[in-house]
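Remarks on the structure that follows.
So that the names make sense, note that chain A is the first sequence line, chain B the second, and so on, each numbered from 1.
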2 protein chains.
Amino acid sequence: MALEHAILVSLAERSASGYDLARRFDASIGHFWKASHQQIYKVLGRMESDGWVESQVVPQDGRPDKKVYVITDGGRAELVLFTSKATPPEHLRSEFAVKLRALPFGDAAAIVDDVRVRRRSHEQQLAYYADSAARFYPHPDDIPDHALGGWLVLRGGMLAEQAGIAWCDEILQRLAGDEDDER
Amino acid sequence: MALEHAILVSLAERSASGYDLARRFDASIGHFWKASHQQIYKVLGRMESDGWVESQVVPQDGRPDKKVYVITDGGRAELVLFTSKATPPEHLRSEFAVKLRALPFGDAAAIVDDVRVRRRSHEQQLAYYADSAARFYPHPDDIPDHALGGWLVLRGGMLAEQAGIAWCDEILQRLAGDEDDER
DNA sequence: TACGGCATGTAAATTGTTACATGATTGA
DNA sequence: TCAATCATGTAACAATTTACATGCCGTA
(Lines give C-alpha, C1' and ligand atoms only; values in the text may rest on other atoms or scores of the structure.)
Protein backbone atom coordinates (compact mmCIF):
# COMPACT_ATOMS: atom_id res chain seq x y z
CA MET A 1 0.00 0.00 0.00
CA ALA A 2 2.59 2.50 -1.09
CA LEU A 3 0.35 4.72 -3.18
CA GLU A 4 -0.72 6.55 -0.03
CA HIS A 5 2.89 7.22 0.79
CA ALA A 6 3.78 8.31 -2.70
CA ILE A 7 0.93 10.80 -2.50
CA LEU A 8 2.03 11.97 0.94
CA VAL A 9 5.54 12.61 -0.34
CA SER A 10 4.19 14.49 -3.30
CA LEU A 11 1.94 16.62 -1.09
CA ALA A 12 4.74 17.21 1.40
CA GLU A 13 6.74 18.67 -1.46
CA ARG A 14 3.82 20.80 -2.57
CA SER A 15 0.04 20.87 -2.05
CA ALA A 16 -1.98 19.85 -5.06
CA SER A 17 -5.34 18.76 -6.43
CA GLY A 18 -6.07 15.20 -7.48
CA TYR A 19 -5.63 16.27 -11.05
CA ASP A 20 -2.24 17.83 -10.33
CA LEU A 21 -1.16 14.69 -8.55
CA ALA A 22 -2.21 12.57 -11.50
CA ARG A 23 -0.02 14.69 -13.74
CA ARG A 24 2.91 14.46 -11.35
CA PHE A 25 2.46 10.73 -11.37
CA ASP A 26 2.72 10.83 -15.12
CA ALA A 27 5.88 12.86 -14.98
CA SER A 28 8.19 12.41 -12.01
CA ILE A 29 7.28 10.12 -9.13
CA GLY A 30 5.19 8.02 -11.47
CA HIS A 31 8.27 6.59 -13.16
CA PHE A 32 8.58 4.45 -10.05
CA TRP A 33 4.99 4.18 -9.01
CA LYS A 34 2.26 4.48 -11.62
CA ALA A 35 -1.23 5.55 -10.63
CA SER A 36 -4.29 6.56 -12.61
CA HIS A 37 -6.42 9.55 -11.66
CA GLN A 38 -9.26 7.24 -10.67
CA GLN A 39 -7.08 5.51 -8.17
CA ILE A 40 -5.68 8.76 -6.85
CA TYR A 41 -9.13 10.27 -6.23
CA LYS A 42 -10.23 7.18 -4.39
CA VAL A 43 -7.14 7.01 -2.20
CA LEU A 44 -7.27 10.75 -1.49
CA GLY A 45 -10.78 10.25 -0.13
CA ARG A 46 -9.59 7.55 2.21
CA MET A 47 -6.57 9.57 3.26
CA GLU A 48 -8.79 12.52 4.11
CA SER A 49 -11.01 10.42 6.33
CA ASP A 50 -7.85 9.02 7.96
CA GLY A 51 -6.76 12.58 8.74
CA TRP A 52 -3.58 12.46 6.67
CA VAL A 53 -4.65 15.24 4.34
CA GLU A 54 -7.15 18.09 4.30
CA SER A 55 -8.85 19.59 1.28
CA GLN A 56 -10.14 22.98 0.38
CA VAL A 57 -12.12 23.89 -2.71
CA VAL A 58 -10.46 26.67 -4.66
CA PRO A 59 -12.64 28.46 -7.21
CA GLN A 60 -10.91 29.45 -10.41
CA ASP A 61 -12.08 31.63 -13.23
CA GLY A 62 -12.37 30.20 -16.69
CA ARG A 63 -11.69 26.79 -15.21
CA PRO A 64 -13.48 24.25 -13.05
CA ASP A 65 -13.04 24.53 -9.31
CA LYS A 66 -10.20 22.52 -7.87
CA LYS A 67 -9.98 20.69 -4.60
CA VAL A 68 -6.53 21.34 -3.22
CA TYR A 69 -5.15 18.79 -0.79
CA VAL A 70 -2.71 19.73 1.96
CA ILE A 71 -0.77 17.29 4.11
CA THR A 72 -1.63 17.39 7.82
CA ASP A 73 0.53 16.77 10.89
CA GLY A 74 -0.97 13.31 10.97
CA GLY A 75 0.16 12.79 7.40
CA ARG A 76 3.67 13.95 8.22
CA ALA A 77 3.78 11.60 11.19
CA GLU A 78 2.70 8.76 8.92
CA LEU A 79 5.52 9.61 6.53
CA VAL A 80 8.06 9.42 9.35
CA LEU A 81 6.58 6.09 10.40
CA PHE A 82 6.75 4.84 6.82
CA THR A 83 10.43 5.71 6.44
CA SER A 84 11.31 4.18 9.78
CA LYS A 85 9.93 0.77 8.90
CA ALA A 86 11.94 -1.61 6.73
CA THR A 87 10.71 -1.83 3.16
CA PRO A 88 9.56 -5.37 2.43
CA PRO A 89 11.77 -7.00 -0.20
CA GLU A 90 10.59 -6.14 -3.68
CA HIS A 91 10.50 -8.72 -6.37
CA LEU A 92 10.74 -8.13 -10.06
CA ARG A 93 7.67 -8.80 -12.10
CA SER A 94 8.51 -9.10 -15.75
CA GLU A 95 6.19 -10.37 -18.41
CA PHE A 96 9.12 -10.01 -20.74
CA ALA A 97 11.05 -12.62 -18.78
CA VAL A 98 8.11 -14.98 -19.07
CA LYS A 99 8.20 -14.41 -22.80
CA LEU A 100 11.91 -15.15 -23.02
CA ARG A 101 11.31 -18.34 -21.16
CA ALA A 102 8.65 -19.18 -23.75
CA LEU A 103 11.27 -18.96 -26.50
CA PRO A 104 11.32 -22.68 -27.41
CA PHE A 105 7.51 -22.83 -27.57
CA GLY A 106 6.76 -19.61 -29.42
CA ASP A 107 7.59 -17.26 -32.24
CA ALA A 108 11.30 -16.50 -31.97
CA ALA A 109 11.33 -13.84 -34.69
CA ALA A 110 8.55 -11.90 -32.99
CA ILE A 111 10.40 -12.10 -29.71
CA VAL A 112 13.53 -10.67 -31.30
CA ASP A 113 11.47 -7.81 -32.70
CA ASP A 114 10.08 -7.23 -29.26
CA VAL A 115 13.57 -7.07 -27.77
CA ARG A 116 14.53 -4.38 -30.28
CA VAL A 117 11.45 -2.35 -29.39
CA ARG A 118 12.23 -2.77 -25.75
CA ARG A 119 15.81 -1.70 -26.20
CA ARG A 120 14.68 1.46 -27.90
CA SER A 121 12.26 2.34 -25.13
CA HIS A 122 14.96 1.78 -22.51
CA GLU A 123 17.18 4.15 -24.46
CA GLN A 124 14.47 6.76 -24.69
CA GLN A 125 13.77 6.52 -21.00
CA LEU A 126 17.45 6.83 -20.21
CA ALA A 127 17.73 9.90 -22.40
CA TYR A 128 14.75 11.37 -20.63
CA TYR A 129 16.34 10.78 -17.23
CA ALA A 130 19.65 12.18 -18.37
CA ASP A 131 17.86 15.26 -19.59
CA SER A 132 16.02 15.68 -16.29
CA ALA A 133 19.29 15.25 -14.44
CA ALA A 134 21.00 17.92 -16.49
CA ARG A 135 18.07 20.28 -16.08
CA PHE A 136 17.31 19.88 -12.41
CA TYR A 137 20.67 18.86 -11.00
CA PRO A 138 23.29 20.71 -13.01
CA HIS A 139 25.86 20.28 -10.22
CA PRO A 140 25.57 16.65 -9.06
CA ASP A 141 28.39 17.02 -6.57
CA ASP A 142 26.66 19.82 -4.76
CA ILE A 143 23.03 18.92 -4.23
CA PRO A 144 21.21 20.38 -1.20
CA ASP A 145 19.71 17.92 1.26
CA HIS A 146 16.11 18.59 0.35
CA ALA A 147 16.77 17.60 -3.26
CA LEU A 148 18.96 14.58 -2.63
CA GLY A 149 16.11 12.06 -2.64
CA GLY A 150 14.99 13.16 -6.06
CA TRP A 151 18.50 12.88 -7.43
CA LEU A 152 19.06 9.42 -5.99
CA VAL A 153 15.78 8.18 -7.42
CA LEU A 154 16.74 9.54 -10.82
CA ARG A 155 20.07 7.74 -10.55
CA GLY A 156 18.24 4.52 -9.75
CA GLY A 157 16.15 4.97 -12.85
CA MET A 158 19.23 5.54 -14.98
CA LEU A 159 20.99 2.48 -13.61
CA ALA A 160 17.91 0.36 -14.21
CA GLU A 161 17.58 1.54 -17.80
CA GLN A 162 21.26 0.90 -18.45
CA ALA A 163 20.88 -2.61 -17.10
CA GLY A 164 17.84 -3.07 -19.32
CA ILE A 165 19.80 -2.01 -22.37
CA ALA A 166 22.68 -4.31 -21.49
CA TRP A 167 20.23 -7.17 -21.14
CA CYS A 168 18.65 -6.49 -24.52
CA ASP A 169 22.10 -6.39 -26.09
CA GLU A 170 23.02 -9.75 -24.64
CA ILE A 171 19.75 -11.20 -25.88
CA LEU A 172 20.21 -9.80 -29.36
CA GLN A 173 23.74 -11.07 -29.50
CA ARG A 174 22.47 -14.56 -28.79
CA LEU A 175 19.30 -14.52 -30.85
CA ALA A 176 20.08 -12.25 -33.75
CA GLY A 177 23.81 -12.84 -34.06
CA ASP A 178 24.22 -9.11 -33.42
CA GLU A 179 23.67 -8.38 -37.11
CA ASP A 180 22.16 -5.01 -36.38
CA ASP A 181 24.14 -1.89 -35.72
CA GLU A 182 21.34 0.46 -36.63
CA ARG A 183 21.99 4.20 -36.47
CA MET B 1 -2.59 -11.30 -17.26
CA ALA B 2 0.77 -13.00 -17.50
CA LEU B 3 0.30 -15.57 -14.77
CA GLU B 4 -1.57 -17.80 -17.20
CA HIS B 5 1.35 -17.59 -19.58
CA ALA B 6 3.94 -18.20 -16.92
CA ILE B 7 2.02 -21.33 -15.96
CA LEU B 8 1.73 -22.41 -19.60
CA VAL B 9 5.48 -22.07 -20.04
CA SER B 10 6.10 -24.05 -16.91
CA LEU B 11 3.71 -26.81 -18.01
CA ALA B 12 5.16 -26.83 -21.52
CA GLU B 13 8.52 -27.56 -19.94
CA ARG B 14 7.03 -30.29 -17.76
CA SER B 15 3.57 -31.31 -16.57
CA ALA B 16 2.89 -30.66 -12.91
CA SER B 17 0.35 -30.35 -10.13
CA GLY B 18 -0.69 -27.03 -8.66
CA TYR B 19 1.53 -27.72 -5.72
CA ASP B 20 4.52 -28.45 -7.97
CA LEU B 21 3.87 -25.23 -9.85
CA ALA B 22 3.74 -23.27 -6.64
CA ARG B 23 7.16 -24.62 -5.73
CA ARG B 24 8.56 -23.82 -9.17
CA PHE B 25 7.23 -20.32 -8.72
CA ASP B 26 9.17 -20.14 -5.49
CA ALA B 27 12.33 -21.32 -7.16
CA SER B 28 12.89 -20.48 -10.80
CA ILE B 29 10.25 -18.70 -12.85
CA GLY B 30 8.99 -17.03 -9.72
CA HIS B 31 12.03 -14.80 -9.49
CA PHE B 32 10.36 -12.83 -12.26
CA TRP B 33 6.73 -13.53 -11.57
CA LYS B 34 5.61 -14.35 -8.05
CA ALA B 35 2.45 -16.30 -7.43
CA SER B 36 0.94 -17.89 -4.35
CA HIS B 37 -0.54 -21.39 -4.40
CA GLN B 38 -4.01 -19.92 -3.89
CA GLN B 39 -3.68 -17.86 -7.00
CA ILE B 40 -2.25 -20.74 -8.99
CA TYR B 41 -5.10 -23.10 -8.10
CA LYS B 42 -7.64 -20.47 -9.05
CA VAL B 43 -6.02 -19.70 -12.40
CA LEU B 44 -5.50 -23.39 -13.19
CA GLY B 45 -9.25 -23.89 -12.82
CA ARG B 46 -9.94 -21.12 -15.29
CA MET B 47 -7.31 -22.39 -17.68
CA GLU B 48 -8.85 -25.83 -17.63
CA SER B 49 -12.28 -24.51 -18.49
CA ASP B 50 -10.65 -22.47 -21.28
CA GLY B 51 -9.16 -25.67 -22.66
CA TRP B 52 -5.53 -24.65 -22.24
CA VAL B 53 -4.72 -27.44 -19.83
CA GLU B 54 -6.14 -30.81 -18.85
CA SER B 55 -5.89 -32.49 -15.49
CA GLN B 56 -5.74 -36.05 -14.28
CA VAL B 57 -5.86 -37.22 -10.71
CA VAL B 58 -2.86 -39.38 -9.86
CA PRO B 59 -3.15 -41.50 -6.71
CA GLN B 60 -0.01 -41.83 -4.67
CA ASP B 61 0.77 -44.02 -1.73
CA GLY B 62 1.73 -42.49 1.56
CA ARG B 63 0.80 -39.12 0.12
CA PRO B 64 -2.33 -37.26 -0.89
CA ASP B 65 -3.56 -37.67 -4.44
CA LYS B 66 -2.25 -35.10 -6.87
CA LYS B 67 -3.96 -33.48 -9.79
CA VAL B 68 -1.45 -33.35 -12.61
CA TYR B 69 -1.99 -30.69 -15.24
CA VAL B 70 -0.88 -31.16 -18.84
CA ILE B 71 -0.77 -28.45 -21.48
CA THR B 72 -3.14 -29.01 -24.43
CA ASP B 73 -2.78 -28.06 -28.09
CA GLY B 74 -4.98 -25.07 -27.31
CA GLY B 75 -2.56 -24.07 -24.58
CA ARG B 76 0.39 -24.37 -26.95
CA ALA B 77 -1.42 -22.26 -29.53
CA GLU B 78 -2.05 -19.64 -26.87
CA LEU B 79 1.65 -19.61 -26.03
CA VAL B 80 2.54 -18.96 -29.66
CA LEU B 81 -0.02 -16.17 -29.76
CA PHE B 82 1.42 -14.73 -26.55
CA THR B 83 4.97 -14.62 -27.90
CA SER B 84 3.86 -13.13 -31.20
CA LYS B 85 2.21 -10.11 -29.60
CA ALA B 86 4.31 -7.17 -28.44
CA THR B 87 4.80 -7.04 -24.68
CA PRO B 88 3.24 -3.87 -23.32
CA PRO B 89 5.91 -1.59 -21.84
CA GLU B 90 6.65 -2.49 -18.26
CA HIS B 91 7.10 0.15 -15.65
CA LEU B 92 9.10 -0.14 -12.51
CA ARG B 93 7.21 -0.15 -9.28
CA SER B 94 9.44 0.58 -6.36
CA GLU B 95 8.31 1.37 -2.87
CA PHE B 96 11.96 1.88 -2.11
CA ALA B 97 12.11 4.79 -4.56
CA VAL B 98 9.12 6.35 -2.83
CA LYS B 99 11.00 6.02 0.43
CA LEU B 100 14.09 7.69 -0.97
CA ARG B 101 11.97 10.51 -2.18
CA ALA B 102 10.63 10.82 1.37
CA LEU B 103 14.15 11.40 2.65
CA PRO B 104 13.67 15.06 3.68
CA PHE B 105 10.43 14.25 5.53
CA GLY B 106 11.40 11.09 7.31
CA ASP B 107 13.94 9.17 9.33
CA ALA B 108 17.20 9.35 7.39
CA ALA B 109 19.10 6.94 9.65
CA ALA B 110 16.43 4.27 9.24
CA ILE B 111 16.51 4.74 5.48
CA VAL B 112 20.27 4.23 5.44
CA ASP B 113 19.82 1.03 7.43
CA ASP B 114 17.24 -0.07 4.92
CA VAL B 115 19.63 0.58 2.05
CA ARG B 116 22.23 -1.64 3.71
CA VAL B 117 19.70 -4.43 4.16
CA ARG B 118 18.64 -4.03 0.58
CA ARG B 119 22.20 -4.13 -0.67
CA ARG B 120 22.78 -7.38 1.16
CA SER B 121 19.70 -8.99 -0.31
CA HIS B 122 20.73 -7.94 -3.80
CA GLU B 123 24.09 -9.54 -3.18
CA GLN B 124 22.52 -12.74 -1.94
CA GLN B 125 20.22 -12.91 -4.92
CA LEU B 126 23.11 -12.32 -7.27
CA ALA B 127 25.10 -15.08 -5.61
CA TYR B 128 22.12 -17.37 -5.97
CA TYR B 129 21.83 -16.59 -9.67
CA ALA B 130 25.56 -17.05 -10.20
CA ASP B 131 25.31 -20.39 -8.50
CA SER B 132 22.38 -21.46 -10.66
CA ALA B 133 24.26 -20.33 -13.73
CA ALA B 134 27.32 -22.36 -12.82
CA ARG B 135 25.22 -25.39 -12.02
CA PHE B 136 22.82 -25.43 -14.95
CA TYR B 137 24.84 -23.69 -17.64
CA PRO B 138 28.46 -24.70 -17.12
CA HIS B 139 29.31 -23.81 -20.73
CA PRO B 140 27.64 -20.45 -21.41
CA ASP B 141 29.03 -20.25 -24.93
CA ASP B 142 27.46 -23.50 -25.93
CA ILE B 143 23.87 -23.57 -24.75
CA PRO B 144 21.32 -25.62 -26.71
CA ASP B 145 18.32 -23.76 -28.13
CA HIS B 146 15.80 -25.27 -25.74
CA ALA B 147 17.71 -23.92 -22.75
CA LEU B 148 18.56 -20.49 -24.11
CA GLY B 149 15.48 -18.76 -22.69
CA GLY B 150 16.30 -19.89 -19.19
CA TRP B 151 19.86 -18.67 -19.51
CA LEU B 152 18.84 -15.27 -20.84
CA VAL B 153 16.35 -14.81 -18.05
CA LEU B 154 19.03 -15.67 -15.52
CA ARG B 155 21.33 -13.12 -17.12
CA GLY B 156 18.58 -10.52 -16.83
CA GLY B 157 18.28 -11.29 -13.16
CA MET B 158 22.00 -10.94 -12.65
CA LEU B 159 22.15 -7.62 -14.47
CA ALA B 160 19.21 -6.32 -12.44
CA GLU B 161 20.84 -7.33 -9.16
CA GLN B 162 24.13 -5.75 -10.16
CA ALA B 163 22.32 -2.53 -11.00
CA GLY B 164 20.56 -2.72 -7.63
CA ILE B 165 23.87 -3.08 -5.84
CA ALA B 166 25.38 -0.18 -7.76
CA TRP B 167 22.39 1.95 -6.83
CA CYS B 168 22.71 1.10 -3.13
CA ASP B 169 26.40 1.96 -3.27
CA GLU B 170 25.70 5.36 -4.76
CA ILE B 171 23.07 6.01 -2.13
CA LEU B 172 25.36 4.97 0.71
CA GLN B 173 28.15 7.11 -0.65
CA ARG B 174 25.86 10.11 -0.51
CA LEU B 175 24.06 9.39 2.72
CA ALA B 176 26.59 7.55 4.83
CA GLY B 177 29.77 9.09 3.49
CA ASP B 178 30.76 5.54 2.51
CA GLU B 179 32.12 4.94 6.02
CA ASP B 180 31.32 1.26 5.88
CA ASP B 181 33.54 -1.35 4.30
CA GLU B 182 32.07 -4.23 6.23
CA ARG B 183 33.45 -7.69 5.62
C1' DT C 1 -17.86 22.23 -34.58
C1' DA C 2 -14.58 19.24 -33.14
C1' DC C 3 -10.69 18.41 -30.32
C1' DG C 4 -7.69 18.91 -26.36
C1' DG C 5 -6.94 20.45 -21.71
C1' DC C 6 -8.87 21.14 -17.14
C1' DA C 7 -11.32 18.99 -13.34
C1' DT C 8 -13.80 15.43 -10.70
C1' DG C 9 -15.66 11.47 -10.00
C1' DT C 10 -18.54 6.34 -10.10
C1' DA C 11 -18.92 1.40 -11.43
C1' DA C 12 -17.49 -2.95 -12.80
C1' DA C 13 -14.17 -6.33 -13.57
C1' DT C 14 -9.85 -8.39 -12.75
C1' DT C 15 -5.94 -9.52 -10.12
C1' DG C 16 -3.52 -10.32 -6.06
C1' DT C 17 -3.02 -10.91 -0.88
C1' DT C 18 -4.23 -12.68 3.59
C1' DA C 19 -6.60 -15.60 6.44
C1' DC C 20 -8.81 -19.86 7.16
C1' DA C 21 -9.59 -24.95 6.59
C1' DT C 22 -8.54 -29.92 6.18
C1' DG C 23 -6.03 -34.15 6.58
C1' DA C 24 -2.32 -37.64 5.96
C1' DT C 25 2.74 -38.93 6.63
C1' DT C 26 7.47 -38.52 8.26
C1' DG C 27 11.16 -37.32 11.22
C1' DA C 28 13.07 -35.10 15.64
C1' DT D 1 3.99 -34.97 20.42
C1' DC D 2 5.29 -31.23 17.65
C1' DA D 3 6.66 -29.44 13.43
C1' DA D 4 7.36 -29.84 8.64
C1' DT D 5 6.15 -31.48 4.06
C1' DC D 6 2.67 -32.93 0.84
C1' DA D 7 -1.68 -31.61 -1.27
C1' DT D 8 -5.86 -28.91 -2.35
C1' DG D 9 -8.76 -25.65 -1.84
C1' DT D 10 -12.53 -21.46 -0.11
C1' DA D 11 -13.56 -16.77 1.47
C1' DA D 12 -12.81 -12.16 2.31
C1' DC D 13 -10.49 -8.27 1.32
C1' DA D 14 -7.40 -4.95 -0.99
C1' DA D 15 -5.43 -3.04 -5.13
C1' DT D 16 -5.50 -2.09 -9.91
C1' DT D 17 -7.34 -1.52 -14.52
C1' DT D 18 -10.82 -0.32 -17.75
C1' DA D 19 -14.90 1.75 -18.95
C1' DC D 20 -18.23 5.18 -18.29
C1' DA D 21 -19.89 9.94 -17.14
C1' DT D 22 -20.09 15.06 -16.95
C1' DG D 23 -19.16 19.78 -18.23
C1' DC D 24 -16.71 24.13 -19.22
C1' DC D 25 -13.13 26.78 -21.92
C1' DG D 26 -10.07 27.91 -25.66
C1' DT D 27 -8.43 27.27 -30.15
C1' DA D 28 -8.13 25.64 -34.91
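Phosphate contact (OP1/OP2 of D:dC6, side-chain N/O of B:Q60, threshold under 4.0 Å): absent. Regarding contacts with the backbone of C:dG16, every side-chain N or O of B:R93 stays at 4.0 angstrom or more from both OP1 and OP2. Remark: B:K42 is not in phosphate contact with C:dG16, judged by side-chain N or O atoms under 4.0 Å from OP1 or OP2.
Contact check on A:D131 versus A:R135 returns a salt bridge, with a Lys/Arg side-chain nitrogen under 4.0 Å from an Asp/Glu carboxylate oxygen. A salt bridge is absent between A:R14 and A:D20: the closest approach of a Lys/Arg side-chain nitrogen to an acidic carboxylate oxygen does not fall below 4.0 angstrom. Between A:E123 and A:R119 a salt bridge is recorded (basic side-chain N to carboxylate O distance below 4.0 Å).
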Heavy-atom contacts, protein to nucleotides 18-28 of chain D, under 4.0 Å, summarised as B (base), S (sugar-phosphate only) or - (none) per nt, yield BB---B-S---
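Atom CG of B:L44 is separated from atom C1' of D:dT8 by 11 Å (rounded to the nearest Å). In this structure, A:K34 places its NZ atom 17 Å from C1' of D:dA15, rounding to the nearest Å. In this structure, A:R46 atom CZ and C:dG9 atom P are separated by 15 Å, rounded to whole Å. Between the OH atom of B:Y41 and the P atom of C:dT18 there is a distance of 19 Å, given to the nearest Å. At whole-Å resolution of the value, CG in A:D26 and C1' in C:dG4 are 15 Å apart. Between B:L21 atom CG and D:dG9 atom P the separation is 12 Å, expressed in whole Å. What separates NZ of B:K67 from C1' of D:dC6 is a distance of 16 Å, to the nearest Å. One interatomic measurement links the two molecules: CD of A:E4 to C1' of D:dA15, which rounds to 10 Å at whole-angstrom precision.
Using modelled atom types, one side-chain atom of A:T72 and one backbone atom of A:G51 make a donor-acceptor pair closer than 3.5 Å. A distance-only check finds a donor-acceptor pair linking the side chain of A:D114 to the backbone of B:T87 [under 3.5 Å].
A donor-acceptor contact under 3.5 angstrom links the side chains of A:E78 and A:H5, judged on distance only.
With C:dG5, D:dT16, D:dA7 as the choices, the nucleotide that has an atom nearest any side-chain atom of A:Y19 turns out to be C:dG5.
Tracing side-chain contacts under 4.5 Å through hydrophobic residues (I, L, V, M, F, W, Y), one never reaches B:L8 starting from B:F32; they form parts of separate clusters.
Heavy-atom nearest nucleotides on DNA chain D were determined for B:R23 and for B:Y69, and the one closer to the 5' end corresponds to B:R23.
The aromatic rings of B:F96 and B:W167 sit perpendicular to each other, their planes meeting at more than 60°, with 30° as the lower class boundary.
For DNA chain D, none of the residues of residues 75-91 of chain B falls under the heavy-atom distance limit of 4.0 Å.
When the options A:K99, A:R93, A:R118 are evaluated for a salt bridge (charged side-chain N to carboxylate O under 4.0 Å, His left out) with B:E90, the one that passes is A:R118.
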